[in-house]
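Numbers here are sequence positions counted from 1.
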Amino acid sequence: MLDPAMSQTPYPFWEFQDLGQFFGMPYRNLLGWLGTGALFMSVATLFWRDTLTRLSRTQLWVPLSIYLVNFAFGAIITISQLDSQFWIPTIMSVLLGVVPAVALWWAAEPTVPLSSSPTVGVRAEVWRRDAGLISTRLNQHDSLR
């Protein structure tokens, strides 16, 4: 949603060959981003179809922070350098991008239980097994004395 504003700053980040209807941005740019996202999500679904990944808020903090800083960078340039008409795409970006990202981050579990994380769960099971073997060996050693 910030693409039109980023193309009209005093030092534009990019230029559209043909000015479009959405604040100077052609609709095909939006369709291109939609297609790119759909393609990426389709390929990702094929690769990770059988893998359930449960991430906690702690694990999602860095990606969310990078997303918010990136958004803030564009929004600050938009608001400080351009006309008030660009408040509309900025507000739309907050409502359609920032609010859902923060809501999904908040909906994540504060921490991932050991049983939900395959790596941690396997490590915990190995630790329990090894601890049991050590305990058994110590008991056998004590009984031999």
Side-chain angles (χ1 to χ4, degrees), residues 1-140:
M1 294 291 183
L2 293 177
D3 281 5
M6 300 301 285
S7 69
Q8 297 181 31
T9 61
Y11 303 101
F13 287 77
W14 52 79
E15 294 179 18
F16 299 112
Q17 288 179 341
D18 303 318
L19 290 181
Q21 302 77 17
F22 186 71
F23 298 93
M25 181 182 73
Y27 286 121
R28 72 175 178 267
N29 189 52
L30 288 174
L31 290 175
W33 281 114
L34 179 68
T36 301
L39 177 67
F40 176 78
M41 296 307 291
S42 298
V43 170
T45 300
L46 289 174
F47 281 118
W48 298 296
R49 178 180 337 171
D50 299 327
T51 305
L52 175 63
T53 304
R54 297 185 63 157
L55 300 174
S56 69
R57 281 187 214 148
T58 305
Q59 294 167 314
L60 293 170
W61 178 246
V62 171
L64 178 67
S65 298
I66 291 170
Y67 176 77
L68 293 176
V69 167
N70 187 37
F71 172 83
F73 174 74
I76 289 169
I77 290 174
T78 300
I79 292 169
S80 66
Q81 299 290 320
L82 300 174
D83 299 329
S84 60
Q85 72 172 346
F86 287 98
W87 278 87
I88 295 170
T90 304
I91 291 169
M92 289 175 66
S93 297
V94 169
L95 294 176
L96 298 174
V98 173
V99 171
V102 172
L104 289 171
W105 172 79
W106 188 256
E109 294 181 35
T111 57
V112 175
L114 287 179
S115 61
S116 296
S117 174
T119 305
V120 174
V122 168
R123 286 182 187 159
E125 191 58 40
V126 168
W127 183 84
R128 278 190 220 109
R129 185 198 68 208
D130 291 348
L133 288 173
I134 291 170
S135 174
T136 303
R137 287 183 185 155
L138 286 175
N139 290 338
Q140 289 172 350

>> Tell me the closest heavy-atom pair linking L68 and V98, and the distance in Å.
In response: CD2-CG1, 3.8 Å

> Considering residues at least two apart in sequence or located in another chain, which fulfil the ring-ring contact (aromatic ring centres under 6.0 Å, His included) criterion with W61?
Replying inline: W105

>> Among residues at least two apart in sequence or on other chains, which ones pass side chain to side chain contact (heavy atoms under 4.5 Å, CB included) with L104?
In response: none

> What are the two closest non-hydrogen atoms of L95 and V99, and how far apart are they?
Replying inline: O-CB, 3.9 Å

> If you round to the nearest 0.5 Å, how far is CG of L39 from CG of L34?
Replying inline: 11.0 Å

>> Minimum heavy-atom separation for A101 and Y67, please, with both atom names.
In response: CB-CE2, 3.9 Å

>> I'd like to check the side chain to side chain contact (heavy atoms under 4.5 Å, CB included) partners of Y27; sequence neighbours left out, ordered by chain and number.
In response: Q21, F22, L30

>> Show the nearest heavy-atom pair for residues L60 and A108, with the distance to one decimal.
In response: CD1-CB, 3.9 Å

> For T90 and A75, which heavy atoms make the closest approach, and how far apart are they?
Replying inline: CG2-CB, 4.2 Å

